[in-house]
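This report concerns only the one structure given below.
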Amino acid sequence: MIIISVKNLKKSFGSVEVLKDINAEVKEKEVICVIGPSGSGKSTFLRCLNRLEDISGGEVVINGNNITDPKVNINKVRQEVGMVFQQFNLFPHKTVLENITLAPMKVRSAEKAETEKRAMELLDKVGLREKANSYPGELSGGQKQRVAIARALAMNPKIMLFDEPTSALDPEMVGDVLEVMQQLAKEGMTMVVVTHEMGFAKEVGDRVIFMDGGYIVEENTPDELFGNPQHNRTKSFLSKVLNHI
Amino acid sequence: MPSFSKKGEDTPMDVISSAIPLLLKGLEVTIYIFIIAIILGFLLGLLVALFRLAPIKILNWIAIVYVNAIRGTPFIVQLFFIYFGINSLHFVSLNSTTAGIITVAINAGAYFSEIIRAGIQSIDKGQTEAARSLGLTGSQAMRHVILPQAFRRMLPTITNQSIISLKDTSLLSIIGIADLTQQGQIQASATFEAFKIWLTVGVIYFIIIYLISALASFVERRFELR
Ligand SMILES: Nc1ncnc2c1ncn2[C@@H]1O[C@H](COP(=O)(O)OP(=O)(O)OP(=O)(O)O)[C@@H](O)[C@H]1O
Ligand SMILES: [Mg+2]
């Protein structure tokens with residue numbers, strides 16, 4: 001079943017068109033990795049999927065809700081779409097536990113004890129149970145990102161969006177975060193992941209999308225896209241990034 | 001021990017200690033007006049800051065006009081406008097205390113609104129995005145994520161403005177409010193001991209302001225522990 005459908009998506013900032021004509025579909029339980037050079041529009045594309053960016057044209061349908069329709073309650077849709085940011089964006093004035101329980105308690109008016117129990121389970125899952133009462137300022141980057149993942153999961157989303165979740169991390173922290181994401185993929189979470197981690201894309205991705213200049217240039221299984229790229233732009237991008245590994 | 005002071009002339013301590021009960025009565029009025037006015041002013045400032053940041057042109061303009069009107073005029077003129085000006089229209093009758101509280105609140109509100117606006121804008125926009133991406137509404141994100149962080153950051157400037165407003169209350173004596181300054185005036189002319197009385201009044205203001213600062217830095221330190 002198709003859970004994300006994007007048709008002729010356009011996005012401009014002022015007079016600059018950043019997304020030119022994006023078409024994509026994501027099936028339930030698929031893991032899509034989005035790669036491409038800096039400034040190609042990857043983050044903007046991802047942020048259009050939960051309308052953190054206003055959509056300039058075209059259509060984005062998430063789990064049956066056309067979020068380009070102003071009548072759709074976007075807050076409701078966002079509850080089903082978790083997002084993880086490059087800069088973590090944890091709430092620094094709240095403990096790890098409070099970071100995770102805030103949205104379920106305020107948005108769903110969930111019961112406190114129940115929500116905290118679930119939050120502790122999520123912390124177990126990301127290996128940070130003992131940090132429940134710490135403040136984000138007391139955590140390493142990798143720990144922060146794992147808390148951010150737990151926070152997004154606390155709303156039981158159907159879809160998870162990741163925008164370069166490991167790019168701000170020290171190299172030795174990257175593995176822990178990718179491991180959590182891989183586990184999530186195994187459990188059947190639908191994921192769209194903007195990443196520079198080609199290894200992750202190869203291993204975990206069901207499909208890889210290559211973006212350049214506001215277009216989706218090429219889209220394929222990881223084996224095909226990395227092993228047999230069709231377009232010159234894809235080839236030259238891959239030759240640059242794969243050389244760096 | 002026999003007193004060597006001449007008849008009708010008190011020792012310095014006598015002048016002060018007999019004036020103190022009345023000065024403290026004045027202090028009570030000062031604190032009463034200050035507390036009510038600062039709370040109202042703060043709520044007004046918060047509202048105006050939200051107006052200023054709302055994506056609605058007319059609200060932005062209301063906020064801008066209000067802040068500039070207050071910043072561009074002296075406190076005394078604002079006080080006279082509200083006490084004499086508004087009362088002269090005869091559709092309400094404000095007593096001096098009410099007029100005083102309103103003036104201090106409206107005056108402080110304008111400055112608070114600018115402090116709060118700057119505080120809100122200083123919070124990284126990733127915070128709002130994270131909150132909204134979890135399904136919080138704009139006002140839930142403001143209330144639970146942005147404002148608590150902004151207030152911590154604003155605390156020193158808020159304290160500063162509160163101290164300025166406390167000092168502004170001394171101007172309310174002009175419209176006959178029996179605050180600490182007014183009581184000082186009464187005592188000074190009754191005793192002919194202006195030096196001692198005004199020194200005492202000054203010391204009382206100083207102590208109150210010192211306590212406000214101490215309270216503020218205590219609260220700040222509590223927050224810093226996080
Ligand atoms: N809020 C904004 N206002 C104006 N221009 C923007 C804004 N956000 C992004 N852009 C522009 O849109 C283009 C695409 O940006 P985007 O962040 O989507 O790229 P990206 O592929 O995620 O790049 P990176 O790999 O560096 O994160 C860039 O040219 C960027 O400068
Ligand atoms: Mg990006």
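Reminder, nothing fancy here: chain letters follow the sequence lines and each chain counts from 1.
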* Asked: Just checking, is any N or O donor in the side chain of A/Arg78 or B/Ser133 under 3.5 Å from an acceptor N or O on the other one?
  -> no

* Asked: Just checking, is any N or O donor in the side chain of A/Asp163 or A/Gln86 under 3.5 Å from an acceptor N or O on the other one?
  -> no

* **Region of B/Gln140 in contact with chain A, defined by heavy-atom distances below 4.5 Å** => side chain

* Measure A/Phe85 against the heavy atoms of chain B and call it side chain, backbone, both or neither at under 4.5 Å. => side chain

* Structure fact -> Interface check, chain B: of A/Asn73, A/Asn50, A/Thr95, A/Leu90, most non-hydrogen pairs under 4.5 Å belong to A/Leu90

* **Side chains of A/Thr115 and A/Glu111, donor plus acceptor under 3.5 Å** => no

* **Interface moiety of A/Lys76 toward chain B, non-hydrogen atoms closer than 4.5 Å** => neither

* Structure fact -> chain B shares the most heavy-atom pairs under 4.5 Å, among A/Arg151, A/Arg108, A/Glu80, A/Met83, with A/Arg151

* Asked: Looking at A/Val107, A/Ile74, A/Val81, which one has more heavy-atom pairs under 4.5 Å with chain B than the rest?
  -> A/Val107

* Asked: Can a donor-acceptor pair be found between the side chains of B/Asp168 and B/Ser165 at a distance below 3.5 Å?
  -> no

* Cation-pi check, B/Arg117 to B/Phe112: give yes when NZ or CZ is under 6.0 Å from the six-membered ring centre and within 45° of the ring axis, no otherwise. => no

* Asked: Measuring heavy-atom distances to chain B, does A/Leu161 have an atom under 4.5 Å in its side chain, in its backbone, in both, or in neither?
  -> neither

* Asked: Do B/Ser113 and B/Tyr66 have side-chain atoms, one donor and one acceptor, less than 3.5 Å apart?
  -> no

* Contacting region of A/Arg47 [heavy-atom separation from chain B under 4.5 Å] -> side chain

